[in-house]
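First up is the structure itself, then whatever we jot down about it.
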Amino acid sequence: MQKWDRSTYERIFPFLYPILAVSSVTGILWFLRDELNIQVISLLYLLPVVFISRIFGLLPAILTAILSFFCYNYFFISPRFTLAIRQTQDLISLIVFLIIAIVISQLLNQDRQNLMAVIEREREVTYLYELNIALTGLKDGREISRILAEKIYATFNADRVEVMIFQTPDRTKKISVSVGNETREPSDPDFIIPISTARGGEEIVQIWRFGLPFSPVEQKMLNTFARQGTLAIERAYLIDINNRTKILEESDKLKTSLLSSVSHELRTPLATIKAAVSSLRSKTVNLDAESRYELLSAIEEETDRLNHLVGNLLDMSRIESGVLNPQRGWNSMAEIVYGVLKRMNTIRQDYVIDIEIPDELPYVPVDYIQMDQVFTNLFSNCTKYAPKGSKITVRIQLWREKQMLIQVKNQSPHIAEDQLERIFDKFYRMDGFENVTGTGLGLSICKGIIEAHGGKIWAENEPDGLSFNFSIPRFWESSALKAVKEEI
Amino acid sequence: MLTKILVVDDEPQILRALKTILTANQFKVTTASTGNDALTLAAAQPPDVIILDLSLPDMDGLKVCEELRAWTQVPIIILSVRDNEKEKVKALDKGADDYLTKPFGIEELLARIRVALKHASQAMGIQQSVITSGTLVIDLSRHLITLSGKEVKLTATEYKLAAYLASNADRVLTHQTILSHVWGFEDSDHTEYLRVFIGQLRKKMEINPNSPKYFITEPGVGYRFVTYE
């Protein structure tokens, strides 16, 4: 026999009241026995039957009826204090009383049960509604499991709830969430709900509730709860799949545009080279010395261009794989700018270059070759979008605390505010400029390099054009490097 | 008088190379780097041949082609890095005479220019009545085709197809163009018709029908009748 626990108590409790009720009614009637005739007394004995039946249900009510029957007989039907009956009418009255008491308790009980069923159903619907509201919009399996566990814990007064979800049939991807304390020694759960998901996974809900078994209604509801959880997980999974598909589609589009732009960029210089070479070695094409020189220098320039493109692609893959470590040395930014301009003949011929660099500009710790690449890309960007003959301004100054600000301004058309950041994205090409050649790599490489140097790059619309600005930290020691890493 | 060629390309380097090479080959070369410049130049100094790139900064090369065709029959050779067949067919259907994919060899470009010029002069009334290619002779006035001196017997439609291809010797003709000229099909995709008849022609007129010499397939685009010395 188990010790006194909650359930035994709850089972016995309703049967204490009939005894209490019948004895108090008997007491009151005893005092009033001379005022009341026997019929009224039998009527009054129906009162506890009605109340007990209303509150505690059928069995306690029948107990009340039987107790009342005996008390009525014992205390009020003569001869008093015996259960013997002398008169036939008393016997009939007693039997009628018992029948009425039992019928009333049954009727009332049915009514009570209907009411309770309705209340139960309403509660169920409310809890389910609350669960659904809580699960709506959740996209993460762990979050869904947590909400499900918490709701079951609160709704069923459980001691502990554990929700386990195996997302794949082979049980490799597992989510496990538990709510409630585990202070007692490990024990088997009081109720387990296993549900297979549509994709062959499994959801298992385990509930511990000490001393109070789950009623069939509760079990049904627990099943419904668990099923709602499974549905939410399925929904989350579908949303996830949908998102993944979208991402894949995007990246596919990106790859296609990359392929077409890279092949265009590679083939254009190859076309010049092939045309020139095939005419140089042709016996039928007559070329004078000057033409030969012309063609050979075109070949050389296009080779450089191809080399630059390959360099850009390589840099991009280095940035992608995170191996772009700047080889920092103390360099003069002015020297780098002049070096790039000297190399880029076309920009000097086609544009008015205005350089505003203070004489006493300090050296900065940068990778010379990578900075050269940044300026080359920025200038070549200018030549693509700014009209020929317009002005390109390069301005360098000290900025904020321990930073250097470099601006490359040109007179190209403005960029919509919402695209100002996107132009630094990989392979991003601006709408409306489909015919401008390029891979959409230049600016993203600039961004990669500048960020590897600990700086920032951004574009701004100016009254008469567009400026690309970037900042570079003026100091970069190994200690500083460590500090930054630790912060991250 | 020198033959005038207008080269339209947005790449300064290719313009530079083509100008050098074509000038050395006794052509008078003018260049344009935008579609609008090309249209203006073509109107101001009508060239004998236009070499047109499809990707131009201001407008699509196809559009330039279309606008030119509204008023001039000057031969247009498309030069582009776009190597998909649909683009080629579109350009040819918009009235271009030929299509060359970058990168290209200069001899091939020169050959295409010569073919374009020849056809332009024929279109002005100097129609050749006898077309010869190797041992194949097609006499359009006598409706007679001979291969190595022996007469080739053709059905009416076969002859019509052979004659049409031969009279456009060395030019690429799109499926659609051939179908509408020979069969009168407008907007049709009965390329299987064409394939069958070309197969017949090859059986009767090629020395080795499996590796044809005269009736050449331009994959995805159409056919070309090739002439040899």
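We name chains A, B, ... by the order of the sequence lines, and we start the count at 1 in each one.
At a cut-off of 3.5 Å, with distance as the only test, a side-chain donor of B:R16 or A:S297 sits close to an acceptor on the other residue. Judged purely by distance below 3.5 Å, without hydrogens or angles, the side chains of B:T20 and A:E294 never pair a donor atom with an acceptor atom.
For residues 457-466 of chain A, heavy-atom neighbours of chain B at less than 4.5 Å comprise no residues at all.
Among all heavy-atom pairs drawn from B:G105 and A:K274, the shortest one is N-CE, 3.7 Å. A:T272 and B:Q13 make their closest contact through CG2-O, 3.5 Å (heavy atoms, listed as atom of the first residue, atom of the second, distance). Across all non-hydrogen atoms, the minimal contact from B:A24 to A:L287 is CB-CD2, 3.4 Å.
Counting non-hydrogen atoms of other residues, nucleotides and ligands closer than 6.0 Å to CZ of A:R281 gives a total of 12 or fewer. Other residues, nucleotides and ligands contribute more than 12 heavy atoms inside 6.0 Å of the CD atom of B:E192. Counting non-hydrogen atoms of other residues, nucleotides and ligands closer than 6.0 Å to CG of A:L314 gives a total above 12. Within a 6.0 Å radius of NZ in B:K213, more than 12 heavy atoms belonging to other residues, nucleotides or ligands are found. Within a 6.0 Å sphere centred on NZ of B:K4, heavy atoms belonging to other residues, nucleotides or ligands number more than 12.
The OG atom of B:S33 sits 6.5 Å away from atom NZ of A:K388, with the distance rounded to the nearest 0.5 Å. A:S282 OG to B:N25 CG: the interatomic distance, rounded to the nearest 0.5 Å, is 7.5 Å.
Contacts between B:L110 and chain A at a heavy-atom distance below 4.5 Å involve the side chain alone, from C-beta outward.
When the candidates B:K19, B:K102, B:E108 are compared by the number of heavy-atom contacts under 4.5 Å with chain A, B:K102 comes out ahead.
Inter-residue side-chain proximity for A:L295 and B:I21 is flagged as met; some heavy-atom pair is nearer than 4.5 Å. Between B:E107 and A:S278 the shortest side-chain heavy-atom distance does not fall below 4.5 Å.
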